[in-house]
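Working notes, structure below.
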Amino acid sequence: MGEPKAILFDLDGVIVDTAKHHFIAWRALAAELGFEFTEADNERLKGVSRMDSLNILLEIGGINISEEKKKALAAKKNEQYVKAIQQMDRSEILPGVERFLTELKEKGVPFALGSASKNAPLILKQIDLYDTFDAIVDGNVISKAKPDPEVFLKGAELLKIDPKDCVVFEDAQAGIEAGKHAGMYVVGVGDADILTGADDYIQDLSDMHFSRLVK
Ligand code: BG6
Ligand code: MG
């Protein structure tokens, strides 16, 4: 790869820890529907779109309902989730993120967001990083969910950088696969015992410096 020319970041679990807010909202919905939704169940929803997440949750609860009812439940969950993220501030930015983004700015390396979340713009505004990104690709503009590479290919296109010169940071297995399908160098963020298929692994971005990406 030589020196990477652009970086693509997943949002949830890489820039901020929103999984806990998703979990609380999904658990409340499950409780209303009469079953328990555990933290282990929540792991299955990482990187998965809102509707696909709901389908997994309903499958866990053994519930079969119409598409119309599903839409209403997804909207209800999102309402509660949005209330939680409206309370977020910069203190919820994960360790190392701000330092690494500053390093990229200093080096003149552009970076984009590549997230499945339709709430990505709101979250970035809450944590004051919206204007820091050179491009934002989120759940509002993509049509194919990770592990499809669309989200990252679109990011590379907006930054006008060849995919092979891009590095992806991802905490979800589906996201790692999306990055590899896009032909990019992928850094898995989180527990290396759970994640597989990435080119490198870090616990969080405090372990990351640009020099580590120069091959
Ligand atoms: C991903 C999260 O980033 O976004 C998933 O990892 C979530 O857990 C997905 O379901 C969609 O998020 P939203 O905000 O559009 O409901
Ligand atoms: Mg994620």
Side-chain angles (χ1 to χ4, degrees), residues 4-25 45-50 53 74-75 77-146 149-161 163 166-172 174-175 178-179 182 184 186-187 189-190 202 204-206 208-210 213:
K5 297 200 174 81
I7 312 285
L8 300 165
F9 292 96
D10 173 49
L11 175 66
D12 297 313
V14 172
I15 304 287
V16 274
D17 178 20
T18 42
K20 57 177 185 275
H21 301 305
H22 278 297
F23 174 55
I24 292 167
L45 309 189
K46 284 191 179 167
V48 177
S49 75
R50 193 181 306 165
S53 297
K77 179 266 171 179
N78 192 54
E79 224 172 273
Q80 180 172 350
Y81 177 64
V82 166
K83 273 190 196 144
I85 57 179
Q86 276 168 342
Q87 307 299 315
M88 284 177 83
D89 59 28
R90 290 184 73 86
S91 68
E92 291 197 51
I93 299 174
L94 287 167
V97 170
E98 291 176 277
R99 186 206 37 79
F100 186 53
L101 295 184
T102 304
E103 189 188 354
L104 294 177
K105 286 273 179 211
E106 281 167 5
K107 293 215 153 46
V109 179
F111 53 87
L113 192 83
S115 168
S117 174
K118 294 186 171 170
N119 293 301
L122 170 63
I123 295 168
L124 287 181
K125 282 175 190 157
Q126 286 297 129
I127 58 172
D128 216 11
L129 286 181
Y130 186 80
D131 295 322
T132 308
F133 282 81
D134 298 293
I136 292 170
V137 184
D138 62 31
N140 301 294
V141 296
I142 53 161
S143 56
K144 290 175 236 144
K146 298 171 186 177
E150 183 188 10
V151 63
F152 294 130
L153 290 175
K154 198 152 187 59
E157 189 189 317
L158 290 173
L159 297 176
K160 299 188 174 65
I161 304 290
C166 294
V167 172
V168 169
F169 286 89
E170 253 297 348
D171 73 312
M184 299 175 178
V186 179
V187 181
V189 181
I202 53 172
D204 60 40
L205 284 161
S206 9
M208 185 44 62
H209 291 271
F210 189 72
L213 302 172

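Side-chain atoms are counted along with the backbone in the values below, which use heavy atoms only and exclude waters and symmetry mates.
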Working to the nearest 0.5 angstrom, can you tell me the gap between [X] [atom1] and [Y] [atom2]?
X      : Y      : atom1 : atom2 : value
Leu124 : Ile136 : CG    : CD1   : 5.0 Å
Glu170 : Asp12  : CD    : CG    : 9.5 Å
Asp138 : Leu122 : CG    : CG    : 11.0 Å
Thr132 : Leu113 : OG1   : CG    : 11.5 Å
Asp204 : Phe100 : CG    : CZ    : 12.0 Å
Leu104 : Ile7   : CG    : CD1   : 5.5 Å

Can you name the side chain to side chain donor-acceptor pair (under 3.5 Å) partners of [X], sequence neighbours left out?
X      : result
Glu98  : Arg90
Asp131 : none
Asp171 : none
Ser117 : none

Pairwise side-chain contact, [X] with [Y], heavy-atom cut-off 4.5 Å (strictly under):
X     : Y      : value
Thr18 : Leu11  : no
Arg50 : Asn119 : yes
Phe9  : Leu101 : yes
Ile15 : Ile127 : yes

If you compare all heavy atoms of [X] against all heavy atoms of [Y], which two are closest, and at what distance to 0.1 Å?
X      : Y      : answer
Pro110 : Asp134 : CA-OD2, 3.3 Å
Leu213 : Pro4   : O-CD, 3.4 Å
Pro163 : Leu153 : CG-CD2, 3.8 Å
Ala116 : Gly47  : CB-O, 4.1 Å
Val151 : Ser115 : CG2-N, 3.7 Å
Cys166 : Ile161 : SG-CG2, 3.9 Å

| Which residue pairs pass the ring-ring contact (aromatic ring centres under 6.0 Å, His included) test when at least one of the two sits in residues 114-146, sequence neighbours left out? |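 Those involving residues 114-146 are Phe111-Phe133.
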| Between Val14, Val187, Val186, which is the residue that forms a side chain to side chain contact (heavy atoms under 4.5 Å, CB included) with Val168? | Val186
| side chain to side chain contact (heavy atoms under 4.5 Å, CB included) between Leu8 and Leu159, worked out | CA-CA 10 Å; Leu8 300 165; Leu159 297 176; 4.2 Å; yes
| Is it the case that more than 12 heavy atoms not belonging to Lys20 sit under 6.0 Å from its NZ atom? |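 Atom NZ in Lys20 is packed in, count exceeds 12.
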[X] side-chain N/O to [Y] backbone N/O, donor-acceptor pair under 3.5 Å:
X      : Y      : result
Asn140 : Lys118 : yes
Arg99  : Met208 : yes
Glu103 : Phe210 : yes
Lys46  : Gly175 : no

| request: For the pair Val137 and Glu150, evaluate side chain to side chain contact (heavy atoms under 4.5 Å, CB included) and give the outcome as yes or no after the intermediate values. | output: CA-CA 10 Å; Val137 184; Glu150 183 188 10; over 6 Å; no
| request: For Lys154, check salt bridge (charged side-chain N to carboxylate O under 4.0 Å, His left out) against everything at least two apart and list the hits. | output: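 So Lys154 forms no salt bridge (charged side-chain N to carboxylate O under 4.0 Å, His left out) with any residue.
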| message | One pair to check against side chain to side chain contact (heavy atoms under 4.5 Å, CB included): Val16 and Gln126. What are the steps and the verdict? | response | CA-CA 11 Å; Val16 274; Gln126 286 297 129; over 6 Å; no
